[in-house]
Amino acid sequence: MWRLCESTHPVLTDEGGAILDERTGRWTHLTPTASAALMLLLAGASREEAAGQYALRYGLSDEQAADDVRTVADALSAQGLATTTDASCRRWWGWRR
């Protein structure tokens with residue numbers, strides 16, 4: 001199951017959003033459509049269900065919606081803000097003390 005890491009704090013609206021990574025103190029800003037995709041993913045929907053709801057919301061083809069949702073999920077995972085495992089997303093090499 002895809003989810004945000006424990007050390008992240010999302011602030012999401014229909015007008016966009018941001019995610020605070022408390023490990024680094026950095027904010028990741030989201031466009032309105034990326035924020036919508038993230039809200040659908042966080043609602044507990046699978047990627048497929050999220051993509052279907054996203055397609056209905058924005059009038060997109062199923063393929064385009066699936067690609068958009070996957071892009072958001074993969075980008076946040078690559079930044080260390082989300083995971084598909086039970087790990088808490090801690091990376092020891094990211095700490096600077």
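What you are looking at is a predicted structure, and each value in this text was computed from that prediction instead of being measured.
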Hits for side-chain hydrogen bond (donor to acceptor under 3.5 Å, both in side chains) against His9, two or more places apart or cross-chain, chain-then-number order -> Glu22
Below 4.5 Å, heavy atoms only, C-beta onward: do Leu81 and Cys5 meet side chain to side chain? no
Between OG1 of Thr13 and CE of Met39, what distance do you get to the nearest 0.5 Å? 6.5 Å
Could you list the cluster mates of Val11? Members are the ILVMFWY residues connected by side-chain heavy atoms closer than 4.5 Å, either directly or through other members. Leu20, Trp27
Test item: Leu38 and Leu76 side chains (from C-beta on) under 4.5 Å apart, heavy atoms: yes
Can you name the nearest heavy-atom pair linking His29 to Ala18, along with the distance? ND1-CB, 3.9 Å
Do any side-chain atoms of residues 54-63 form donor-acceptor pairs under 3.5 angstrom with protein atoms, and if so which ones, sequence neighbours left out?
{"from": "Arg57", "atom 1": "NH2", "to": "Asp14", "atom 2": "OD1", "distance (Å)": "3.0"}
{"from": "Ser61", "atom 1": "OG", "to": "Gln64", "atom 2": "N", "distance (Å)": "3.1"}

According to side-chain hydrogen bond (donor to acceptor under 3.5 Å, both in side chains), who are the partners of Thr71, at least two apart in sequence or on a separate chain? none
Nearest heavy-atom approach of Val69 to Ala51 is CG2-CA, 3.9 Å
Could you tell me if the side chain of Leu12 sits less than 4.5 Å from the side chain of Leu42, heavy atoms only? yes
Tell me which pairs pass salt bridge (charged side-chain N to carboxylate O under 4.0 Å, His left out) where either residue lies in residues 69-79, with sequence neighbours left out. Arg47-Asp74, Asp67-Arg70
Could you measure the distance from the OG1 atom of Thr8 to the CD atom of Gln79? Nearest 0.5 Å is fine. 11.0 Å
Could you check if a side-chain atom of Thr28 sits within less than 4.5 angstrom of a side-chain atom of Asp21, using non-hydrogen atoms only? no
Residues two or more places apart in sequence or in another chain: which of them pass side-chain hydrogen bond (donor to acceptor under 3.5 Å, both in side chains) with Ser35? none
